[in-house]
Structure formats: structure tokens, C-alpha cells
Amino acid sequence: MKELDNLNKIKKIDNDGMLEVEENFYKQLVEAKKNFDSVDLVKVSGKNYKGIVFLGMGGSGFVGDIVKSLIKDSSTIPIEVVKGYSLPGYIDKDWLVIPVSYSGNTEETISCINQAIKRGATILYITSGGKLEQMAIDSDACIIKVKGGYQPRGAIGFLFLPALLALKDIGIAEISDKEINGALSHIKELAEKFHRNVETGKNFAKQLACLIGGNLPVVYGTSGYLSAVAYRWKCEFNENSKTPCFWAEFPELNHNETVGWQRLISTTKEFILIVLRDEDENMRIKTRINTTIKLVKDNFSEIVEIPVEGSSKLSKALSAMYIGDIASVYLALLHGVNPTPVKKIEKLKAELAKLD
Ligand code: F6R
């Protein structure tokens, strides 16, 4: 029996149930969509915003990355993502500020919110509670309150979908109901294919984890939604599998990283290159990727190409993200690591809290 097909063993390692969270990702999206129906957006609607800025760190910060990548090409106003303590000087009262923090207590996000409040910007809070919820109540602002009890990165459906639906409702995101429903059906299909009950021989997510094995993953995306997704893969390998992981995006990586693989070959021979490939990539990107693979193939233990399919950009983005999310959990379990706890992140936050 293959390691990841020993269900008793993986249940024992996965003490806090991260695999179940991933297996239920489709249900999370359905629940998030249903909950969104009762959100009141009156306070953020009907304004001519100069721009939209997402605030957030880590798992919550990814919401801004992915939403921006999905809507920026059709948006007539700038969509920004701020991951840090300070709000750019050009963000003023005419901007919509969307702070996303699952815990509601992330200090960088709170620092930017305070600056946004001072400048009189409109704020749409997305959180499960904490200080952000209190700030929303105190300032009588619009809030999308999501279900608590998850790790922030495991609550991505609860955080991401309402952000996108809110921007659709206020006329900034051009996403049809057909695209949303199509994306959800795609995730449902994948969740069935990647479920723990499907044995390794037929389960691509388990196979990918086995292929990575003891190697260090390097993930390549392409500028646009696959850049956001490649970064998400890196973060999920870090946080779930507790492994180092690096990422980069085409075409930029062709102007630097491509030559960087020349030295340290005995080290990089223990790296595996994972390339996310949109089935509709244009000829120039296709040529770049195919040529790069040829140029660097001897520097890695292996190169895996992940075909990204879907009937819309949303469907492709969510499904590509999902493959990495669930494979990172299987990789943790393969190595006997509980994917849920992130003790070092908690220690850091505790140290910083002492400064208050
Ligand atoms: C932990 C995780 C982290 C947090 C980050 C910010 O699961 O994903 O990356 O998302 O430390 O915390 P929140 O999301 O509570 O604002």
C-alpha cells in the first residue's frame, strides 16, 4: 500500500484536520456564496472610487493578489494590494479600502486601516472577528463577517469569494454568475478526484506530493493570475508542508533567474521545478516556457508541468490554486508533519504583542 493510501496513518498525523478542510473546499465556497446574500453593501455602493486597495498579510493577503489578478485587465480604476504597515500617500478619501484579516488582529493591516480612517476613505472590512470587527462596529462601517475556527489560509473560500462578489455587486468586477457557478463545479469535480479515498495511482494531488518527495519545490507561474497562484503554492508549501519553496513568474524570470541556475548544481539537483501552464497561453509565453525548460532541465531533479484548465479565468485560478493547496497537505502527511500548526508565526506575533 502506498504511504498516502494508509488512511489510519494520515488521520493520526493530520491531528487538526487540514486535509478535511481541503476536501471540503467546494462546500466552503458554496457556504461563502450563500452567506454573502445577507451582506448589506449599502455603505460602500454608489460611489465613484478613484481606486481599490486591498490590505492583508499571509493567507488573508492572498485575497487581494488573486482578486487583483482576476479583475485588473477589465478595471478602469487601479486595484492595489498593500502588504505592510503603511498606506501609499495617494490613497485618499475617494478610495475603497478593503482590509482582509481572518483573525482580525494582524498589526500591519490595522496600522493601514488607521491611516485610511484618518484620510476619510470608505472601508469594507472582511474578517471573522477580532480588532477589525470592533473597528468596523466603532466606525459604523460595512463588514463582511466570515465563519471563524479555521487557519486563515484554510479559510480562503470564506475570504476570497465575498471579496469578489462585493466588487461585482458594486460594479467593479465583471464576473458573470455563469463563471462563478462554473468555477464552483470545477472545484467540486477536483475535490472528488483528490479525496483521500482515491488511491495514489488515480489521485494526481497525491502523485504530485510523492514526486516532490524530499526535493525542494520551485514554482513558476506567468504574470497575471498564475503569478498569484504560484505565490500561493509557495506559501502553502511553507505553511502546510513546512518546507522551503521558491517561486517566480514568466516573463520576468527570463531576465534574471534563468541564468541563476548555472552554479550550485549539486544543491539544485535536489530541487524540483513545477511549472503552471495555462492551456491557452499565447505563443510568446509558450516559447519562453518551452525554451526555459530545455535550458534548465539538467539543473533540477525533475521538471513537472501542471496543465491549468477551466472555462474561465476564475475557474482556472481557483482550480490551479486548489491543486497546490491539497498537494501541500499531502506532502506534509507524506513526511509525517501535521499541516495545521504554524508555531513560528505564532511565536513572532507573540513577541510583537509584547511591544504594545
Ligand atoms: C496562517 C496563515 C497566515 C496568516 C497571517 C495573517 O494560517 O495563513 O499567513 O494569514 O499571519 O493573519 P490573518 O490572516 O489572521 O490576518
Side-chain angles (χ1 to χ4, degrees), residues 14-22 24-25 28 32 53-67 81-87 97-116 123-136 143-163 219 228-245 247 321-322 324-329 331-333 337-353 355-356:
D14 189 20
N15 244 325
D16 304 284
M18 187 59 93
L19 185 55
E20 198 179 332
V21 169
E22 291 303 341
N24 287 332
F25 182 50
Q28 188 182 125
V53 60
F54 282 91
L55 315 174
M57 306 302 296
S60 297
F62 175 70
V63 172
D65 296 334
I66 191 80
V67 173
V81 181
V82 171
K83 298 184 180 188
Y85 289 93
S86 94
L87 201 62
V97 177
I98 309 183
V100 186
S101 169
Y102 187 67
S103 64
N105 293 324
T106 297
E107 64 173 36
E108 299 93 318
T109 310
I110 292 172
S111 159
C112 286
I113 298 172
N114 282 325
Q115 294 163 57
I123 304 183
L124 166 57
Y125 290 82
I126 304 182
T127 185
S128 73
K131 292 180 186 160
L132 258 74
E133 182 182 17
Q134 198 52 52
M135 289 170 101
I143 177 166
I144 299 180
K145 190 167 173 194
V146 306
K147 188 172 174 179
Y150 288 69
Q151 276 289 333
R153 62 189 185 280
I156 189 63
F158 286 130
L159 297 169
F160 154 77
L161 199 54
V219 186
V229 171
Y231 179 63
R232 167 79 178 183
W233 278 51
K234 171 226 147 23
C235 297
E236 290 286 273
F237 282 127
N238 294 154
E239 292 182 69
N240 288 333
S241 331
K242 319 303 186 260
T243 184
C245 178
W247 78 289
M321 180 196 87
Y322 188 51
D325 283 7
I326 197 154
S328 71
V329 173
L331 183 63
L333 302 176
V337 170
N338 180 353
T340 301
V342 279
K343 290 193 185 125
K344 286 182 176 150
I345 296 179
E346 277 153 23
K347 270 205 179 116
L348 257 157
K349 289 185 179 177
E351 266 319 296
L352 283 153
L355 301 175
D356 295 340

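All ligand and atom numbering here is 1-based and tracks the order in the structure. Note that this is a predicted model, so its numbers are computed, not measured.
If you check which protein heavy atom lies closest to atom 15 (O) of ligand 1, you get S103 OG, 2.6 Å. Protein heavy atom closest to atom 14 (O) of ligand 1, with residue, atom name and distance, is S60 OG, 2.5 Å. Residue, atom and distance of the protein heavy atom nearest to atom 16 (O) of ligand 1 are T106 OG1, 2.5 Å. Closest protein heavy atom to atom 3 (C) of ligand 1: E239 OE1, 3.5 Å.
Which of K349, M57, E236 comes nearest to atom 11 (O) of ligand 1 through a heavy atom is settled by distance: it is K349.
Rounded to the nearest 0.5 Å, atoms OG (S328) and NZ (K242) are 9.0 Å apart.
A donor-acceptor pair under 3.5 Å is formed between the side chain of T127 and the backbone N or O of S101. Side-chain N or O atoms of E236 include none that pairs as donor or acceptor with a backbone N or O of G324 at under 3.5 Å. With hydrogens and angles ignored, the 3.5 Å screen pairs no side-chain donor or acceptor of S128 with any backbone N or O of G148. Using modelled atom types, one side-chain atom of S60 and one backbone atom of Y102 make a donor-acceptor pair closer than 3.5 Å.
Ligand-side atoms of ligand 1 in range of Y102: 13 (P), 14 (O), 15 (O), 16 (O), range being under 4.0 angstrom from any heavy atom. Numbered from 1 in the order shown, with element, the atoms of ligand 1 that lie under 4.0 Å from a heavy atom of G59 read 3 (C), 4 (C), 8 (O), 9 (O), 10 (O). Taking every heavy atom of S101 and a limit of under 4.0 angstrom, the matching atoms of ligand 1 come to 13 (P), 15 (O), 16 (O). Using a 4.0 Å cut-off to heavy atoms of G58, the atoms of ligand 1 that qualify are 9 (O), 10 (O).
Using bins of under 30°, 30° to 60° and over 60° for the plane-to-plane angle, the ring pair Y150/F158 lands in the perpendicular bin.
Here R153 does not pair with D325 in a salt bridge; the nearest charged N to carboxylate O distance is not below 4.0 Å.
Not one N or O of I345 is nearer than 3.5 Å to an N or O of ligand 1, by distance alone.
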